[in-house]
**Q** 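The structure is given below, and queries will be raised subsequently.
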Amino acid sequence: MNEEIQQVLKQRFGFSSFKKGQEETITKILTRNNVLSILPTGTGKSLCYQLPSYLLSGVTIVVSPLLSLIEDQVRQLQRTGEKQAVAFGSQLTYQEKQWVLAHIAAYKFIFITPESLFQEEILQRIRQLDVGLFVVDEAHCVSTWGIDFRPDYERLASIIQHLGVKKVLALTATATEVVKEDIRQKLFLGQEIDLVQKTVNRVNIFYHVEKLSTVEEKLSWLQSFCSKYSGPGLIYCNTRRDTEEVSLYLSGNTTLKTAYYHGGLTSMERSAIQQQFLADELDVLIATSAFGMGIDKPNIRYVIHYQLPDSLEAFIQESGRGGRDGLQTLSVVLYMAQDQKVHQYFQKELLKEINDFTHLVPLTQNNDSIVLDHFSELQKKWYDFSKSENHSIENLQEKIKKRVEEKAEKLARMEDYLDTDGCRREKILSYFSETSTVQQEICCDNCHREISDFPIGLMSPDSNKKYSKLEKSKEILKNLF
DNA sequence: CGTATTTATCTTATGATAAATACGGTGCCATAAT
C-alpha cells in the first residue's frame, strides 16, 4: 500500500486497514480521472472521497441528492476534526449563505445539491476555485432521477466541463448494467471510465413472489406472515395512502408495533420514525420509495413489496436493504396483475405534460411571467433546462419520449422477474450482467418449489440463526402448519 | 387505468345500488402569506 495513503488513513481517520473496495477506489481516483465505484452500503463510501481529497490540491465538491445526507456527512467530517466542511443549500438563511459565499475559498469540502450548484451566485464563486475533486454521491440518481423529476441531475456533466474539473468520482451502492451505462453517458459524456465493483449477489436473501388476486388476500397474508415471522421488517407500498392503511391494519390485527413513512410527512416526523426504526423500536415499517437512501440498518429480516416496484433497479435496491448483517433474510413481492397500472399511469401523465409543454412554450415569447402562471413545476424546470442547456423544444420532447419508453421497458423487466418460472436470483444477476456460478442452497421459491407455499419455513421465527440444510427448513415448516 | 370515496337516485323514509368524482412517487428550490 502506498505509504502516503496509509499515513493519512492512520492519522486523519484512525484506521489501520481498509474495507473491501475502499483502497481500490482511492488508488484509482488518485491515479486516474473518471471513476465509478460501486460499493455496498456500510463499506464506508465517504472515506473513498475524503481520503483522496487530502492528497489532492484544491477543494472537493460533493454533490448529494438529499439535504439530510449532506448534513450527516458534514457532521461526520466534523467529528473527525475537519472544520473546513460546509453544506450549502436551502437550509441556510440568506445571511448564512452570504457568509459562506464570502469565505468560500477557505473550505476543503463543499456539499451541495445539484439544484443549488446551478445557482448563478454560487457557480460564480466556485468557478474561481481550484476544484481538485468532484464527487457525485448516490450516483444512480443520475439515471433514476433524471429529466422527469430532477432535471439538474442531467446537467452535471456540463458543469464539470464548465468548471474544468479533472477528477470525477461517482459513488453508488447499486448499479445495474442499465444504470452504469446511463452514468457513463450522462455524467461522463460517454468517455472511458474506471470501474470498481464487487459482486452484487446477495447470497443470504431468499426471493419469493406471492401471486394474490385481491387486496383482502394481501392484507391477510401480511397479517399471517408478520405475526409468525420475527422482524424487524420493511414493507414497501406504491402509494402514501397504502402505507397508512397497511400500518393501521397490522397494528390493529397483530401485536406488532408499526409505523408508516412517506414524502407527505414533515422532515421532523420522518427523522423521528427513521430513528425509531433504526433503534429497533418498531417491528415493521411501512413506507413508500421515499424511505431508504443512506439507511444502513444491519438486521432487517424481511422486505415485502405490497405492490411491484416500477423497475428491477428499485426492487434490487429496496430488497437489498434486508440482511446487511449477512444473516438469512427474505424478499417477498405480493403481486396482483392490476398493480402495474399505477406506474403506467405515471408514464402517461409524463407524456401529457411534455405535450402540453410543447404547445405552451411558443406562446410565452420568452415572457417569464407567463411561464410562472401557466406552467407546472416540472414544466418550469424543463423551460429553464432547455434555455440553459441550449436544447430545442423538439430535442427535449424527444428526450422525454425516450425516457417514457425506457420506463415502460424497465417495468416490463420487473414483470419478467415476477412471471418467471426459472431462478429469480439468476434473473436479477443477469440484469447486472453477472452469472451465478454456484447453485445456492437456499435461493428462491422457484428453486425450492417444495417449500415455497410460505417461505417462513426457511427461517427460525425466534432467532437469527441461519439453517444451512433444507431439511431443517422443511421440518420447521411442518411444525408451523 | 384501478381503487376508494362521495353524491345521486330510486321514492310515501331507510338504505341499497349506481353513477360521478378524486386521487395516485421520489425532493430540490423560492417565495408569498401568516
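For clarity, every value in this text was computed on a predicted model and none was experimentally measured. Order of the sequence lines sets the chain letters (A, B, ...), proteins ahead of strands, with each chain counted from 1. Side chains included, hydrogens not; waters and symmetry mates left out as well; all remaining heavy atoms used.
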**Q** With the side chain of Leu66(A) defined as its heavy atoms from C-beta on, choose the nearest nucleotide among dT3(B), dC29(B), dC28(B).
**A**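 Closest nucleotide among those given: dC28(B).
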**Q** Among dC28(B), dC1(B), dG25(B), which is the nearest nucleotide to the side chain of Thr239(A)?
**A**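 Of dC28(B), dC1(B), dG25(B), dG25(B) is nearest to the side chain of Thr239(A).
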**Q** If you measure from the ring centre of Phe346(A) to the centre of the six-membered ring in the base of dG24(B), is it under 5.5 Å, with the planes under 30° apart?
**A**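 Stack criterion not met.
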**Q** Among dC1(B), dT3(B), dC29(B), which nucleotide sits nearest the side chain of Glu115(A)?
**A**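 Nearest to the side chain of Glu115(A) among the choices is dC29(B).
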**Q** Does Thr113(A) place a side-chain N or O at less than 4.0 Å from the phosphate oxygens OP1/OP2 of dC29(B)?
**A**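 Yes, within the criterion.
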**Q** Which atoms form the tightest heavy-atom contact between Gln76(A) and Ser46(A), and what is the distance?
**A**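 The pair with the smallest heavy-atom distance is OE1-OG, 3.3 Å.
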**Q** Hey, are Arg321(A) and Tyr236(A) close enough side-chain-wise for a donor-acceptor pair under 3.5 Å?
**A**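 Arg321(A) and Tyr236(A) do have a side-chain donor-acceptor pair below 3.5 Å.
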**Q** Need to verify one output field. Residue with the more 5' nearest nucleotide on DNA chain B, Val215(A) or Asp242(A)?
**A**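 It is Val215(A), whose closest nucleotide lies nearer the 5' terminus.
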**Q** Considering the options Arg184(A), Lys166(A), Lys167(A), Gln191(A), which one meets the side-chain hydrogen bond (donor to acceptor under 3.5 Å, both in side chains) requirement together with Asn34(A)?
**A**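 Going through the options one by one, the only one that passes is Gln191(A).
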**Q** Is the shortest side-chain N/O distance from Ser116(A) to OP1 or OP2 of dC28(B) below 4.0 Å?
**A**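 For Ser116(A), the contact criterion (side-chain N or O under 4.0 Å from OP1 or OP2 of dC28(B)) is not met.
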**Q** Which nucleotide, in any strand shown, forms a Watson-Crick or G-U wobble pair with dT7(B), with both distances under 3.5 Å?
**A**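 WC or wobble partner is dA18(B).
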**Q** Tell me the interatomic distance from Ile122(A), atom CD1, to dA30(B), atom P, rounded to whole angstroms.
**A**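 My rounded result for the distance is 11 Å.
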**Q** Distance criterion of 3.5 Å, no angle test: do you see the side chain of Asn238(A) paired donor-to-acceptor with the base of dG24(B)?
**A**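 Flag unset: no donor-acceptor pair detected.
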**Q** Please find out if less than 6.0 Å separates the ring center of Tyr229(A) from that of Tyr302(A).
**A**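 Ring centres of Tyr302(A) and Tyr229(A) closer than 6.0 Å.
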**Q** Which of the following nucleotides, dT5(B), dT26(B), dC29(B), is nearest to the side chain of Leu67(A)?
**A**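 Per side-chain heavy atoms of Leu67(A), the pick is dC29(B).
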**Q** Does Lys407(A) make a side-chain N or O approach to OP1 or OP2 of dG25(B) shorter than 4.0 Å?
**A**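 No, because none of the side-chain N or O atoms of Lys407(A) sits under 4.0 Å from OP1 or OP2 of dG25(B).
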**Q** Taking atom C1' in both dA16(B) and dT11(B), what distance in whole Å separates the two?
**A**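 Comparing C1' positions in dA16(B) and dT11(B) gives a spacing of 13 Å.
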**Q** When you compare dC28(B) with dC23(B), how far apart are their P atoms, in angstrom units rounded to a whole number?
**A**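 So the two P atoms sit 24 Å from each other.
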**Q** Report the residue (Asp339(A) or Ala290(A)) whose heavy-atom-nearest nucleotide on DNA chain B is the more 5′ of the two.
**A**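 Final value for this comparison: Asp339(A).
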**Q** Are OP1 or OP2 of dT26(B) and a side-chain N or O of Thr144(A) less than 4.0 angstrom apart?
**A**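 For dT26(B), OP1/OP2 do not have a side-chain N/O of Thr144(A) under 4.0 Å.
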**Q** Can you tell me, in whole Å, how much space there is between the C1' of dA20(B) and that of dG25(B)?
**A**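 Their C1' atoms lie roughly 26 Å apart.
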**Q** Under a 3.5 Å limit for both distances, which nucleotide forms a Watson-Crick or G-U wobble pair with dA13(B), could you say?
**A**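 Paired with no nucleotide.
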**Q** Could you check which of dG24(B), dA4(B), dA30(B) has an atom nearest any side-chain atom of Tyr345(A)?
**A**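 Of all the options, the side chain of Tyr345(A) is nearest to dG24(B).
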**Q** So which nucleotide from dC1(B), dG24(B), dA4(B) ends up closest to the side chain of Arg241(A)?
**A**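 Minimum distance to the Arg241(A) side chain belongs to dA4(B).
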**Q** For dC28(B) and Gln91(A) - does any side-chain N or O of the residue sit under 4.0 Å from the phosphate oxygens OP1/OP2?
**A**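 Answer no for this pair, as no side-chain N or O of Gln91(A) is under 4.0 Å from OP1 or OP2.
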**Q** Kindly state whether the pair Trp145(A) / dT26(B) counts as stacked, where counting means centroids closer than 5.5 Å and planes tilted less than 30° apart.
**A**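 Here the ring of Trp145(A) and the base of dT26(B) are not stacked, as the 5.5 Å and 30° limits are not both satisfied.
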**Q** Taking only Lys NZ, Arg NE, NH1 and NH2, and the carboxylate oxygens of Asp or Glu, determine whether Lys45(A) and Glu138(A) approach each other closer than 4.0 Å.
**A**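 Answer for the salt bridge query: yes.
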**Q** Is there a side-chain polar atom (N or O) of Gln338(A) under 4.0 Å from OP1 or OP2 of dT3(B)?
**A**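 Answer yes for this pair, as a side-chain N or O of Gln338(A) is under 4.0 Å from OP1 or OP2.
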**Q** Taking atom C1' in both dC29(B) and dG24(B), what distance in whole Å separates the two?
**A**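 Per the computed distance, 24 Å lies between those C1' atoms.
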**Q** Quick one: look up who dA30(B) pairs with, Watson-Crick or G-U, both distances under 3.5 Å, and put none if it's unpaired.
**A**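 WC or wobble partner does not exist here.
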**Q** Cation-pi check, Arg413(A) to Tyr431(A): give yes when NZ or CZ is under 6.0 Å from the six-membered ring centre and within 45° of the ring axis, no otherwise.
**A**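 Judged by the rule, Arg413(A) and Tyr431(A) form no cation-pi pair.
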**Q** By nearest atom, which of the nucleotides dT3(B), dT26(B), dC28(B) is closest to the Arg150(A) side chain?
**A**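 Nearest nucleotide to the side chain: dC28(B).
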